[in-house]
2 protein chains.
Amino acid sequence: MLDLNLFENHGIKPSITRIKIYEYLLNHDHPTVDEIYQELKPELPTLSKTTVYNVLSLFHEKALVSTLVLNHKEQRYEINHQPHTHFECIRCGNVYDMPYVQIDYRSIAQDGFEYVNHDFVVKGVCATCKQE
Amino acid sequence: MLDLNLFENHGIKPSITRIKIYEYLLNHDHPTVDEIYQELKPELPTLSKTTVYNVLSLFHEKALVSTLVLNHKEQRYEINHQPHTHFECIRCGNVYDMPYVQIDYRSIAQDGFEYVNHDFVVKGVCATCKQE
DNA sequence: GTCCTTGCAAAGCGTTTGCACAGAA
DNA sequence: TTCTGTGCAAACGCTTTGCAAGGAC
């Protein structure tokens with residue numbers, strides 16, 4: 001299921017906890033620390049939130065995942081793949097992936113600013129909440 | 001200096017604290033609560049952070065300011081005017097305003113999602129930090 | 001009098017830190 | 001042995017809440 005070479009390529013030693021957390025990220029879009037913790041707790045009964053934080057910050061440091069800052073309080077994490085855009089519903093708080101919006105970075109470079117990364121979050125009302 | 005009709009139009013009763021905080025927002029880009037508190041403390045010696053939070057959430061509720069969520073922990077606030085883009089330096093943490101990036105929202109509407117607002121944050125290294 | 005603004009103190013909550021235990025190499 | 005992963009408990013920092021005092025009306 002999970003290719004361990006990916007860990008090796010990023011300089012991460014595998015462990016059951018790390019593998020489970022990574023698999024969870026593969027199957028769930030931008031979860032919070034608490035979501036990961038609550039869902040993995042049954043499989044890994046001795047899991048602690050500290051460990052989830054530790055593993056995620058290791059993944060982040062090794063450029064395996066990126067963090068996502070939204071209106072809500074908690075940090076969210078997602079696996080690094082092609083950039084895309086997020087939609088956050090202001091009613092239910094759910095976060096959806098959206099097609100990537102292409103940006104022109106030339107003006108940024110002109111000002112002597114170096115582009116590294118970007119967060120683009122569209123806020124509004126999701127289709128489900130709109131029907132209510 | 002400050003047009004009190006603006007407050008009235010938004011259903012906000014003026015007070016010295018509210019006026020000072022609003023003026024601070026007029027003259028400073030996206031400050032944090034602590035920055036506002038520290039800077040206004042000399043003028044308003046009995047000011048408390050709770051009051052800064054109260055006033056800002058009133059302003060936000062009355063659509064006078066919007067909130068801005070960045071990588072750093074604290075919430076930032078800015079006066080509502082034409083939308084623009086923010087650049088956050090990953091070295092010094094400073095936040096700069098940037099030219100507005102125009103977005104095409106048609107695809108969002110197609111999915112039954114209603115656009116309300118957006119946050120666009122570019123991360124990188126600012127011109128000052130780049131020289132070091 | 002009532003209503004509203006203000007602000008102290010405490011609680012809340014996501015996150016980080018200190019540290020120690022246990023397993024791997 | 002040393003190094004590393006894990007996890008409890010406490011600390012930390014930003015924000016919110018409870019509540020009471022004082023002012024506006």
Side-chain angles (χ1 to χ4, degrees), chain A residues 2 4 7-8 10-24 30-62 64-78 88 93 95, chain B residues 2 4 7-8 10-24 30-62 64-78 88 93 95:
Chain A
L2 170 64
L4 284 184
F7 274 22
E8 202 174 321
H10 284 78
I12 297 170
K13 286 192 206 160
S15 78
I16 180 65
T17 314
R18 291 173 179 174
I19 292 168
K20 287 285 179 192
I21 291 177
Y22 190 79
E23 282 179 353
Y24 189 85
H30 26 69
T32 64
V33 166
D34 196 61
E35 283 164 10
I36 299 169
Y37 171 72
Q38 297 298 343
E39 297 253 1
L40 293 184
K41 185 96 186 168
E43 292 178 70
L44 306 169
T46 68
L47 184 66
S48 76
K49 272 197 191 175
T50 303
T51 299
V52 180
Y53 280 109
N54 285 340
V55 171
L56 289 172
S57 79
L58 174 72
F59 286 175
H60 186 240
E61 190 185 310
K62 301 297 188 183
L64 210 61
V65 304
S66 46
T67 61
L68 184 58
V69 184
L70 296 173
N71 227 349
H72 288 261
K73 316 202 161 176
E74 333 89 310
Q75 194 96 7
R76 289 172 179 273
Y77 295 82
E78 63 180 2
E88 182 188 18
V95 180
Chain B
L2 169 63
L4 284 185
F7 274 22
E8 203 173 321
H10 284 78
I12 296 170
K13 287 194 207 159
S15 78
I16 180 67
T17 314
R18 291 172 180 176
I19 292 168
K20 287 286 179 191
I21 291 178
Y22 190 79
E23 282 180 354
Y24 188 85
H30 27 69
T32 64
V33 165
D34 197 62
E35 282 165 10
I36 298 169
Y37 171 72
Q38 297 297 343
E39 296 254 0
L40 292 183
K41 186 97 186 166
E43 292 177 69
L44 304 169
T46 68
L47 184 67
S48 77
K49 272 195 191 177
T50 303
T51 299
V52 179
Y53 279 107
N54 285 340
V55 171
L56 289 172
S57 78
L58 175 71
F59 286 175
H60 186 242
E61 188 185 312
K62 301 296 188 182
L64 210 61
V65 304
S66 46
T67 61
L68 183 59
V69 184
L70 297 174
N71 226 349
H72 288 263
K73 318 202 160 172
E74 333 90 309
Q75 194 96 7
R76 289 172 180 271
Y77 294 84
E78 65 179 359
E88 181 188 20
V95 181

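Not measured: the values here are computed from a predicted model. Chain A is the first sequence line, chain B the second, and so forth, proteins listed ahead of strands; every chain is numbered from 1.
Here B:Thr17 contributes atom OG1 and B:Leu44 contributes atom CG; the two are 5.5 Å apart, rounded to the nearest 0.5 Å. Rounding to the nearest 0.5 Å gives a distance of 9.5 Å between CD1 of B:Ile36 and CG of B:Leu47. Note that OG of A:Ser15 and OH of A:Tyr22 are 14.5 Å apart. Values are rounded to the nearest 0.5 Å. A distance of 5.0 Å separates NE2 in A:His10 from CG in A:Leu64, rounded to the nearest 0.5 Å. Put simply, CG on B:Leu68 and OG1 on B:Thr32 are 11.5 Å apart, with the number rounded to the nearest 0.5 Å. Taken from CG in B:Asp34 to CD in B:Glu39, the straight-line distance is 10.0 Å, to the nearest 0.5 Å.
Distance, A:Arg76 CZ to C:dT15 C1': 16 Å, rounded to whole Å. With rounding to whole Å, A:Glu74 atom CD is found 14 Å from D:dC14 atom C1'. The interatomic distance linking A:Lys20 (NZ) with D:dG7 (P) rounds to 14 Å, in whole Å. With rounding to whole Å, B:Ile12 atom CD1 is found 14 Å from C:dT5 atom C1'. For A:Ile21 and D:dT6, the CD1 to P distance is 8 Å, given to the nearest whole Å. The separation between B:Leu56 atom CG and D:dT15 atom C1' is 12 Å, rounded to whole Å.
In this structure, A:Asn54 and A:Leu58 have side chains that are not in contact, with every pair of non-hydrogen atoms separated by 4.5 Å or more.
Evaluation of the side chain to side chain donor-acceptor pair (under 3.5 Å) rule for A:Lys41 yields A:Tyr37 as partners, not counting sequence neighbours. For A:Ser66, the side chain to side chain donor-acceptor pair (under 3.5 Å) criterion is met by A:Asn80, not counting sequence neighbours.
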Can you name the atoms? Protein N/O to nucleotides 22-25 of chain D N/O, anything below 3.5 Å, with the distance.
none

Show the distances under 3.5 angstrom between N or O atoms of the protein and N or O atoms of nucleotides 22-25 of chain C.
none

Could you go over nucleotides 7-13 of chain C and give all protein N or O partners under 3.5 Å, atom names and distances?
{"residue": "C:dG7", "atom": "OP1", "partner": "B:Thr46", "partner atom": "O", "Å": "2.5"}
{"residue": "C:dG7", "atom": "OP1", "partner": "B:Thr46", "partner atom": "OG1", "Å": "2.4"}
{"residue": "C:dG7", "atom": "OP1", "partner": "B:Leu47", "partner atom": "N", "Å": "3.4"}
{"residue": "C:dG7", "atom": "OP2", "partner": "B:Thr51", "partner atom": "OG1", "Å": "2.9"}
{"residue": "C:dG7", "atom": "O5'", "partner": "B:Thr46", "partner atom": "O", "Å": "3.1"}
{"residue": "C:dC8", "atom": "N4", "partner": "B:Thr50", "partner atom": "OG1", "Å": "3.3"}
{"residue": "C:dA9", "atom": "N6", "partner": "B:Thr50", "partner atom": "OG1", "Å": "3.3"}

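Crowding of A:Gln38 atom CD: a count of heavy atoms from other residues, nucleotides or ligands under 6.0 Å exceeding 12.
When all heavy atoms of A:Arg18 and A:Lys13 are compared, the pair lying nearest together is NH1-O, 2.8 Å.
Under the 3.5 Å distance criterion, the side-chain polar atoms of B:Arg76 are matched with a main-chain donor or acceptor of B:His30.
Listed pair B:Tyr53 / D:dT15 meets the phosphate criterion, a side-chain N or O lying under 4.0 Å from OP1 or OP2.
Rounded to 10°, the angle separating the first-five-pair axis and the last-five-pair axis of the helix from C:dG1-D:dC25 to C:dA25-D:dT1 equals 10°.
Side-chain rings of B:Phe59 and B:Tyr77 stay apart, their centers remaining 6.0 Å or farther from each other.
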